[in-house]
Amino acid sequence: MRNAEIADALSELATLYELDGANRFRVLAYRDAARVIRDSPLPVAELAREGTATRLQGVGETLQQKIVALLDEGEIPSTTKLKRKYPATLVEVTRIPGVGAKTTRRLFEELGIATLDDLRDAADEQRIRTLKGLGAKVEENVLAQLDRLGDKGPGPRRLISEVLPIAEQLAATLRAHPASERVEIAGSARRGTETCKDIDLIATAKKPVELAAALAEHPLAAEAGNPGDAGARITTHNGIPVDLRIVEPGAFGNLLQHFTGSADHNVQLRELALKKGLSVSEHGITNTETGKVTKCKTEAQVYRRLGLPYVEPELREGTGEISAAREGELPELVELVDVRGDMHCHTTLSDGLNSLEEMVAAARARRYSYLAITDHSASHGFGNDVTPDALRRRIEDVHALDRKLRGFKVVAGSEVNIHPNGSLDYADDLLAELDWVIASVHTSFRISAKRMTDRFIAAMDHPSVDCIGHLTGRQILTREPYDVEVERIVEKALETGTMLEINGNPRRRDLSEHHARLAAEAGVRIVLNTDAHRVETLANMRFGVMTARRAWLSADQIANTGSWRSFSRLRKRVRSGG
DNA sequence: GCCGTTTTCGGCCCGACTGTTTTCAGTCG
């Protein structure tokens, strides 16, 4: 059973407990555990069977037993029991924004509302207002939320590549406005998460109302609330909610820190603060003894006041960064400027849109020192089928171009399919002629985790394979990762000296930050690649760097932050002419 | 239900907003 399914089961049970009026900290414990399990790079089902799932922060003996029961019986016994009391459909009702567990339970017990359809009928017939404490506004909200849900589901998350450029454009406009002083992007976009649901902007301004009005009148705004001196709220034409908050300069650091989050990071930070007699909020840091409030101009001051060094936004996920900060063990994170080359891109030879020469020129314009050309082996329908002869001619072309260039290395490579049996798409002698080989899976996704893992392991055992491409094949928001035993992959990568790629395509981000952290901690060499299919998408390197930073990686853990010479030395096979 | 450089028991973040209330509970981020 996948981590996501275990997490869903615990999360459902949390809601059932909540409906039942359980201690709210117990409910919180189930939700926390669900999140930790969902994000774990390890197979939690196996850990629970071995009795070692308790090493996950937030999972104790009780939850471990419930996971084992879930595996054995298909459902947690407490869930089965509670479902006799509350229909499972009530869990859906609690997902309506504005309707929580308490309200749902009353609607069920006093009006017999069990499903979303029941809820709509009751709101239509104005029966909700007959309950004490609930009125016409609640009915109005319920109907509005149900309509919205019918359209597209609740507040869709979007890829950061869709959201961040809009955030940057809005921030740039506001910065250029004469009324503005400081404008920063906050929220998940600043932390570099895979998806975002909205945009948070934090600003200080000489004339706050004018700056707020500038956002409300921005051409990207389809709807705007009333701009005031505290800020403004708009929705863009493509439906992204944007919140601008304007604050006095003296508390800019507090507000930026608060709205950058994450929620988990902030909770842990406040817990730490309380132990030091300090209470943290977006307005400042209060000494709980004296009541004295300290306001901070910068985030660094916020952290300093709590006795911590500055914590980079990408690390603020509540996954150990606060204790690392206390110990002075925060990593020095890799930056985009550290990246010296891109080892995965495509051209018109397979399914790319630009020529070899165009891709090289674009890489040089990015001030890289090297670029690997890695068209698909294409036995399975990626654009043109790159035959062995075509690949041989390509190798010659690449080498000829490389000889012409000074201070830049063009690398003759290929992204070779791994067949279901673990064999590769080209003959060994041809693979040996290549300077760089990425092995990837593009077909037969639905095989067992064991067979998929064996497939990768066979490829890593091949002497010509330098790197594994987009390990799990996931496409964020649209395709689940395929089942693969990441621990075994990591072990084999270490043993054979095979590198693992972080694919920077914003749809992939694969390795995920969780897998990348696991692999790098084990000592596997990581490569940041874009898998670009046109010159523009070489710029996706920024998303790869975001994943690397969220995986706590420093430049020295990433192979392509060094010169071509040093990169070359890190490959498992020493090649001629390298 | 989890967890421990102030605790193996007694804690477990903070504030804003909303709708319905005359002081607050529920919900949310």
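Here is how names work: the chains are called A, B, and so on, in the same order as the sequence lines, proteins then strands, and each is numbered from 1. Note that this is a predicted model, so its numbers are computed, not measured.
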By side chain to side chain donor-acceptor pair (under 3.5 Å), which residues pair with S188(A), not counting sequence neighbours? none
Only counting residues at least two apart or in another chain, list the ones meeting salt bridge (charged side-chain N to carboxylate O under 4.0 Å, His left out) with E61(A). none
Could you list by number each residue of residues 39-55 of chain A showing a heavy-atom separation from DNA chain B of less than 4.0 Å, or answer none if no residue does? none
Value for CG (L269(A)) from CD1 (I285(A)), rounded to nearest 0.5 Å, stands at 8.0 Å
When the C1' atoms of dG4(B) and dT8(B) are compared, how many Å lie between them, rounded to an integer? 8 Å
Using atom types as modelled, flag every donor-acceptor pair under 3.5 Å from a side chain in residues 43-50 of chain A to any protein atom, sequence neighbours excluded.
from	atom 1	to	atom 2	distance (Å)
R49(A)	NH1	D72(A)	OD1	3.1
R49(A)	NH2	D72(A)	OD1	3.1
E50(A)	OE1	T52(A)	OG1	3.4

Once you apply a heavy-atom cut-off of 4.0 Å, does V280(A) come out as touching a base, just sugar-phosphate, or nothing? sugar-phosphate
For nucleotides 5-7 of chain B, list the nitrogen or oxygen atoms of the protein found under 3.5 Å from its nitrogen or oxygen atoms, one pair per line.
none

dT20(B) and dT27(B), which share atom name C1', separated by this distance in whole Å: 14 Å
Let me know the distance between CG of L28(A) and P of dC28(B), rounded to the nearest Å. 15 Å
Donor-acceptor pair, N540(A) side chain versus F543(A) backbone, under 3.5 Å? no
Under 4.0 Å: is that the gap between some side-chain N or O of R270(A) and OP1 or OP2 of dC13(B)? no
Over all strands shown, is I96(A) touching base, sugar-phosphate only, or nothing at heavy-atom distances under 4.0 angstrom? sugar-phosphate
Which whole-number value in Å describes the distance from R95(A) CZ to dT27(B) P? 15 Å
R509(A) versus T547(A): any side-chain heavy-atom pair under 4.5 Å? yes
Using a heavy-atom distance cut-off of less than 4.0 Å, which residues of residues 292-314 of chain A contact DNA chain B? none
Going by salt bridge (Lys or Arg N to Asp or Glu O under 4.0 Å), E168(A) matches just one of R542(A), R175(A), R190(A). Which one? R542(A)
Anything under 3.5 Å between a donor and an acceptor, one on a side chain of residues 199-213 of chain A, the other on a protein residue two or more places apart or in another chain? List them.
from	atom 1	to	atom 2	distance (Å)
T204(A)	OG1	E181(A)	OE1	3.3
T204(A)	OG1	R182(A)	N	3.1

What's the NE2-P distance between H258(A) and dG15(B), to the nearest Å? 10 Å
Donor-acceptor list for residues 271-278 of chain A side chains, cut-off 3.5 Å, not counting sequence neighbours:
none

Whole angstrom is fine here: how far is it from CG in L272(A) over to P in dC3(B)? 18 Å
Nucleotide nearest S281(A) when distance is taken to its side chain, options dG1(B), dT27(B), dC14(B): dC14(B)
Take atom P in dT23(B) and the same atom in dG11(B), then report the distance between them in whole Å. 30 Å
Euclidean distance for P, dG15(B) against dG10(B) (whole angstrom): 27 Å
Scan residues 19-46 of chain A for pairs that pass ring pair (Phe, Tyr, Trp, His ring centres under 6.0 Å), counting only residues two or more places apart or in two chains. Y17(A)-Y30(A)
Check salt bridge (charged side-chain N to carboxylate O under 4.0 Å, His left out) between K295(A) and all other residues, then give those that pass, not counting sequence neighbours. E248(A)
NA contact type, Q268(A), heavy-atom cut-off 4.0 Å: base, sugar-phosphate, or nothing? nothing
First encountered from the 5' end of DNA chain B, between G60(A) and F259(A): G60(A)
With a 3.5 Å limit on both atom pairs, tell me what dT8(B) is paired to, counting Watson-Crick and G-U wobble, or say none. none
Anti/syn call for dT5(B), syn if |chi| within 90°: anti
Of V59(A) and K102(A), the one whose closest DNA chain B nucleotide lies more 5': V59(A)
Are there any protein N/O atoms within less than 3.5 Å of an N/O atom in nucleotides 16-19 of chain B, and if so, which ones and at what distance?
from	atom 1	to	atom 2	distance (Å)
dA16(B)	OP1	H283(A)	NE2	3.1

Between P of dG26(B) and CG of L107(A), the distance in whole Å: 13 Å
Would you say the side-chain atoms of E329(A) pair up with the backbone N or O of A324(A), donor to acceptor, closer than 3.5 Å? no
Categorize D32(A) for me: base, sugar-phosphate, or nothing, with a 4.0 angstrom heavy-atom threshold over every strand shown. nothing
For A22(A), which contact category applies under a 4.0 Å heavy-atom criterion: base, sugar-phosphate, or nothing? nothing
Strictly below 4.0 Å: does T103(A) bring a side-chain N or O up to OP1 or OP2 of dT27(B)? yes
Once you round it to whole Å, what is the distance between P of dC14(B) and CZ of R24(A)? 11 Å
Integer angstrom distance from the P of dA16(B) to that of dT21(B): 24 Å
Could you name each residue pair satisfying ring pair (Phe, Tyr, Trp, His ring centres under 6.0 Å) that touches residues 181-218 of chain A, not counting sequence neighbours? none
Verify the distance criterion only: is there a donor paired with an acceptor across the side chains of T115(A) and D118(A) at less than 3.5 Å? yes
Rounding to the closest angstrom, what is the interatomic distance between dG1(B) and dT6(B) at atom P? 27 Å
Can you check the N254(A) CG to dC13(B) P distance for me, whole Å? 19 Å
For Y86(A) and L19(A), the nearest pair of non-hydrogen atoms, with its separation, is OH-O, 3.8 Å
Any idea which heavy atoms bring Q301(A) and C296(A) closest together, and the distance? OE1-CA, 3.5 Å
Provide, to the nearest angstrom, the distance between the OH atom belonging to Y30(A) and the C1' atom belonging to dC3(B). 16 Å
Inter-nucleotide P distance (dT7(B), dC12(B)), Å rounded: 15 Å
